Amino acid sequence: MPVADNLKEIRANINAACKRSNRNAEDITIIGVTKYVTIERTLEAVGAGIKNLGENRLEGFQEKYNHFSDSVKWHFIGTLQSRKVKDVISEIDFIHSLDRKSLAKEIDKRSKRPIDCFIQVNVSEEESKHGVALGDVEFFISELKNYSNIRVIGLMTMAQHTDDENVLRQTFASLREKRDQIMLKDLSHAPCQYLSMGMSNDYEIAIEEGATHIRIGSKLVGSKNL
Ligand SMILES: *Cc1c(COP(=O)(O)O)cnc(C)c1O
């Protein structure tokens, strides 16, 4: 399917989810996750109107980056090794996977400007997943206050791989509640107004529960090497 057709369907679903939850579709940013696909398919996505792209591996990001103008914003959504930070930090606009102090320290040291970061939270507490435990998020954020190049703009999570709507809803709602608690503290280094949650299979539920950034790969550009 052309990306434009997929995007049209996704936008209609976003509008419907916003209507159900009394939200504004303009408040939802679609991040096109292009980790499965080629540069050509990624260019097609940008041509269709996608302005934010996400990659989870540095190799994929570095291969694509130079093919796009500065008007495209790049979101790094995968595990970032500290020793690789220096290679890419000047090119990345958002990091969704900040989950440890050593990584924050390296970003702070290597970047020449403040970087907008989401704290990755392991809400479901699955052992296979990265992320700070829900109960440790506030302490973790307090530890980042002296890193002047880290700006915590929100929280990110990946929900369980399940079709159980209640489990998904509970996961997203827990992240939203945590975000609300942090926002109330009015921290200058952590405005924390955004929620990066929802992927191809669960973005509508995520929007109903407050997502501001949804990360869509397979339903937008496909999951085979197109
Ligand atoms: C791959 C990936 C996505 C997109 O997954 P789809 O199910 O293909 O939409 C979103 N977020 C992260 C962190 C990913 O690694």
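One-based numbering, in listed order, for ligands and for the atoms of each. Quick caveat, the model's predicted, so the values are computed rather than measured.
By the 6.0 Å contact criterion, CD on Glu91 is enclosed, its count of non-hydrogen atoms from other residues, nucleotides or ligands being greater than 12.
Ser128 and Glu126 share no side-chain donor-acceptor pair at under 3.5 Å. Ser196 and Arg215 are linked by a side-chain donor-acceptor pair at a separation below 3.5 angstrom, with hydrogens and angles left out of the test. A donor-acceptor contact closer than 3.5 angstrom is absent between the side chains of Asp116 and Tyr194.
The single protein non-hydrogen atom nearest to atom 14 (C) of ligand 1 is Lys35 NZ, 3.0 Å, given as residue, atom name and distance. Regarding atom 6 (P) of ligand 1, its nearest protein heavy-atom neighbour is Ser200 OG, 3.5 Å. Protein heavy atom at the shortest distance from atom 10 (C) of ligand 1 is Met199 SD, 3.4 Å. Looking only at heavy atoms of the protein, atom 12 (C) of ligand 1 is closest to Ile77 CD1, 3.5 Å.
For the ligand labelled ligand 1, residue Ile216 lies inside the 4.0 Å heavy-atom shell. Heavy-atom separations between Tyr36 and ligand 1 include at least one value shorter than 4.0 Å. Put simply, no part of Lys219 is less than 4.0 Å from ligand 1, judged by heavy atoms.
For ligand 1 and Arg215, the ligand atoms under 4.0 Å from any heavy atom of the residue are 4 (C), 9 (O), 10 (C), 11 (N), 12 (C), 13 (C).
Contacts of His96 with ligand 1, taken as heavy-atom pairs under 4.0 Å, are absent altogether.
Taking CG of Asn149 as the start and NZ of Lys105 as the end, the distance is 14.5 Å to the nearest 0.5 Å.
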Side-chain polar contacts of residues 152-163 - donor-acceptor pairs under 3.5 angstrom, sequence neighbours left out - could you list them?
from	atom 1	to	atom 2	distance (Å)
Thr157	OG1	Val121	O	2.6
Gln160	OE1	Thr171	OG1	3.0
Thr162	OG1	Asp164	N	2.9

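Backbone and side-chain nitrogen or oxygen atoms of Ser218 are examined, and one is located within less than 3.5 angstrom of a nitrogen or oxygen of ligand 1. Not one N or O of Met158 is nearer than 3.5 Å to an N or O of ligand 1, by distance alone.
Checked against a 6.0 Å centroid threshold, the rings of His213 and Phe118 count as neighbours. Remark: aromatic rings of Phe61 and Trp74 are close, center separation under 6.0 Å.
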